[in-house]
Number of protein chains: 2
Amino acid sequence: MTRAQDGFAVEATGALPNPSAVGLVAVIVAATDGEPRALTVRVPGQATGRETGLPAGPLVPEHPTLERGLRAWVERQTQQRLGYVEQLYTFGDRDRQGDDSGGLHSLSVAYLALVREMRSAALPEASWHNWYAFLPWEDWRAGRPATLDDIEAKLLAWAAGAVDAKIRRRREDRLGLTFGIGGGAWNEERVLERYELLFEAGLIPEAQGQSGEACATDIATTGRPMTFDHRRVLATAIGRLRGKIKYRPVVFELMPPTFTLFQLQRTVEALSGANLHKQNFRRLVAQQGLVEETDEVTSGAAGRPARLVRFRREVLLERPAPGFRLTPSRRSS
Amino acid sequence: MTRAQDGFAVEATGALPNPSAVGLVAVIVAATDGEPRALTVRVPGQATGRETGLPAGPLVPEHPTLERGLRAWVERQTQQRLGYVEQLYTFGDRDRQGDDSGGLHSLSVAYLALVREMRSAALPEASWHNWYAFLPWEDWRAGRPATLDDIEAKLLAWAAGAVDAKIRRRREDRLGLTFGIGGGAWNEERVLERYELLFEAGLIPEAQGQSGEACATDIATTGRPMTFDHRRVLATAIGRLRGKIKYRPVVFELMPPTFTLFQLQRTVEALSGANLHKQNFRRLVAQQGLVEETDEVTSGAAGRPARLVRFRREVLLERPAPGFRLTPSRRSS
DNA sequence: GGCACAATGCTCAGAATGAGCATATATGAG
DNA sequence: CTCATATATGCTCATTCTGAGCATTGTGCC
């Protein structure tokens, strides 16, 4: 162990002291009926109102890669085939993870998985939840969320309560950047930054025992809490996914084999939390060659029947980076 | 530990069995004289030609977050102030990390750090290397890298040698996607995918002992090897950085306090490995308001003196996502 | 002065974007 | 049957963005 503590050492990447407890957390996402859903489980022994968490488990060392371990684990537990899987982030904050695992430093490696809608086989302990139940300020599809009035007021109070002018200025800047308070624009990708800001401002019940202060908000305003730091993980996932759909055709992992363009649009809107201009959305999808027509059309629903399309897998080989640009329509927001 | 192995359990994220060995690896990047450089260290006891590695070390549990731990560790060792720091990826492949750490599953959490050029204080064990020494096919600034002829031939042979037609087809698709072989475009962000493809094709010496086959290439073709899987980490970093500079003003972390637009362009080109159209680059920087003029100009060098500019920090608060679009100029490629 | 070399200003055609109008074809109420 | 309603789909148009290139302006150097 030469210079392991001291020099700018390179030990074998694996041969290190201080073993740590490592876990996996999964954000498993589906989109059903135009709503974005995450798979949650009930965690016994948590404080009231905080029993809902993300599927999490130990690192299983049998598998050659972390991702394959995760796949096997999830697929075995849920009979749910995972499509797209992506590593999200490794969380290792001392004071945000719940407990401390008997002196071991604890890490959790978070993954994002996209699955096709699964109606059958409800899991015994797991259930799907609209992810905006946990982060209600993120859903702008029906216009500016009402909860933001309350949140803004409390955040402004928090900024005003800073100990000195410099910190106050910094806080105000952050309010502008994340929540668009004070003339800034709402950037739908900054999900994590918004959550973290609320956390710091003491508006998130999960922060209890952190700063010690009582939480100044109710669930209606700041959404349903989750176990440990799982809401943070969820926020990370949403932010990442909102970014990704702009330049990679990942939404199709959430769609059934055939679908209409409007269903596709609804799904993109569900993920991004904003409404899109319909005609331009179709033009985009057409231009990029993302889908090909089938010879079927929908029937039964109101309105003119729509043509069913399917994802053109070939685009994965063609364009440099196919995806959607998300320009919110002015109309409905 | 109810259901820890069995159910779809959520234990405390930290309270998990199977402790693992966790390390940190850092890709520390600077840009000096228009060349992209990474900080490397010499690792004793490695096979000849593979003594060069990235700075790596144990996870230090004293710090509240991983990132702060990394900062403290690097800044202490190098007297080098880190500007931008970002978590890259957590590598946990069983068979790619070097050794196995006595039965512990080993992970390494990789970080990317950007630093301002540092000429003074050469570190005792560390040195800066042009990162294209390790990945020579990634540098298109002087036109298509010569090494690609050799690489293409070998990759095509690898694809042709597939056991059945289906696998061959898949391999050919990947050649097109990553290296643009067969009519595809070169996407400068796919650094990792290209490296991994070469690895799988047996063209990377680090793969030795992996598939067992001798390596079919020399350093001139496939670049300088590194310790363990560090070249993979470097490739991850380059790909990520190339993506990031397009939508975030991170290049400025690599620039001195004042600089000319051309120096900025050279830096962006160094990172992205492609040349840009000069006038359009200036237009872009001007439009985005990324810099503000100083009243100084350069002197001494050949050519008309250039105005020195500095980064406008305010943009961090203004635009939704300032950065560069990288459209390679046709002229010089 | 004349040359090499950058910096800087400006133009222009084509593509991409944001917005909206118009029309087609369903369902369901009355 | 007809109308209201809801969606699907085609098309236009002004604006902005992009990629490319021409022209001019300063400097150091021989």
Side-chain angles (χ1 to χ4, degrees), chain A residues 33-34 141 185 246-247 258-269 272 274-309 319-333, chain B residues 33-34 185 188 246-247 258-269 272 274-309 319-333:
Chain A
D33 303 327
R141 286 174 299 169
K246 289 181 187 165
Y247 60 95
T258 69
F259 48 87
T260 70
L261 289 179
F262 197 49
Q263 285 165 353
L264 182 64
Q265 182 181 345
R266 284 286 184 235
T267 305
V268 173
E269 290 174 339
S272 71
N275 288 316
L276 304 175
H277 185 269
K278 189 173 190 165
Q279 294 93 319
N280 291 348
F281 180 82
R282 312 177 122 254
R283 178 174 62 186
L284 186 68
V285 175
Q287 268 178 2
Q288 310 251 76
L290 292 172
V291 301
E292 61 194 1
E293 297 192 341
T294 69
D295 38 12
E296 293 171 282
V297 291
T298 56
S299 66
R304 174 172 165 179
R307 180 162 300 279
L308 286 167
V309 299
R319 324 202 92 268
F324 298 102
R325 257 138 282 158
L326 301 174
T327 315
S329 81
R330 295 275 158 78
R331 273 225 179 137
S332 42
S333 73
Chain B
D33 303 326
E188 81 279 351
K246 289 180 188 165
Y247 61 94
T258 68
F259 48 88
T260 70
L261 289 179
F262 196 50
Q263 284 165 353
L264 182 64
Q265 182 180 346
R266 284 286 183 234
T267 305
V268 173
E269 289 174 338
S272 71
N275 288 315
L276 304 174
H277 181 119
K278 190 174 191 165
Q279 295 93 319
N280 291 348
F281 180 81
R282 312 177 122 253
R283 177 173 64 186
L284 186 69
V285 174
Q287 268 178 1
Q288 310 250 79
L290 293 172
V291 301
E292 60 194 3
E293 297 191 343
T294 70
D295 37 13
E296 292 170 282
V297 290
T298 56
S299 65
R304 175 173 166 178
R307 180 162 298 279
L308 285 167
V309 299
R319 323 201 96 266
F324 298 102
R325 258 137 281 158
L326 301 175
T327 315
S329 80
R330 296 275 160 76
R331 274 226 179 137
S332 41
S333 73

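Computed from heavy atoms alone, side chains included, the values below leave out hydrogens, waters and symmetry copies. Within every chain, numbering begins at 1; the chains are lettered A, B, ... in the order of the sequence lines, protein sequences first and strands thereafter. Bear in mind the structure is a predicted one, so any value in this text is a computation, not a measurement.
Rounded to whole Å, the distance from CG on B/Leu276 to P on D/dT18 is 14 Å. Atom CD in A/Gln288 sits roughly 13 Å away from atom C1' in C/dA15 (whole-Å rounding). Atom C1' of nucleotide C/dA6 and atom CD of B/Gln263 are separated by 12 Å, given to the nearest angstrom. Remark: C1' of D/dT16 and CD of B/Gln287 are 9 Å apart, rounded to the nearest angstrom.
When all heavy atoms of A/Thr294 and A/Leu308 are compared, the closest pair comes out as OG1-O, 2.8 Å. Shown here for A/Arg266 and A/Asn275, the closest heavy-atom pair between the two residues is NH1-OD1, 4.4 Å. In plain terms, the two heavy atoms of A/Pro305 and A/Thr298 that are nearest each other are CB-O, 3.1 Å.
Partners of B/Arg304 according to the side chain to side chain contact (heavy atoms under 4.5 Å, CB included) rule, which considers only residues two or more places apart in sequence or in another chain, do not exist here.
Checked by atom type and distance alone, the side chain of A/Glu269 never pairs as donor or acceptor with a backbone atom of A/Arg141 at under 3.5 Å.
Counting only Watson-Crick and G-U wobble pairs whose two distances sit under 3.5 Å, DNA chain D takes part in these stems of three or more pairs: C:1-30 with D:1-30.
Two residues, B/Leu261 and B/Asn280, neighbour DNA chain C, and the one matched to the more 5' nucleotide by heavy-atom proximity is B/Leu261. In this structure, A/Arg282 and B/Gln279 both approach DNA chain D, and ranking their closest nucleotides by distance from the 5' end singles out A/Arg282.
In this structure, NZ on A/Lys246 lies 10.0 Å from OH on B/Tyr247, to the nearest 0.5 angstrom. Of the inter-residue distances, the one linking A/Thr260 atom OG1 with A/Arg282 atom CZ reads 8.5 Å to the nearest 0.5 angstrom.
Nearest nucleotide to the side chain of A/Arg307, out of D/dA20, C/dA19, D/dT9: D/dT9.
With contacts defined as side-chain heavy-atom distances shorter than 4.5 Å, the pair A/Phe259/A/Thr267 does not qualify. The side-chain heavy atoms of B/Arg283 and B/His277, taken from C-beta on, include no pair separated by under 4.5 Å.
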Can you tabulate the close N/O pairs, meaning under 3.5 Å, that link protein atoms to atoms of nucleotides 25-30 of chain C?
unit_1: C/dT25; atom_1: O2; unit_2: A/Arg304; atom_2: N; d: 3.3

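You won't find any donor-acceptor pair under 3.5 Å spanning the side chain of B/Arg283 and the base of C/dG9, going by distance alone.
Between B/Lys278 and C/dA7 there is a side-chain polar atom (N or O) within less than 4.0 angstrom of OP1 or OP2.
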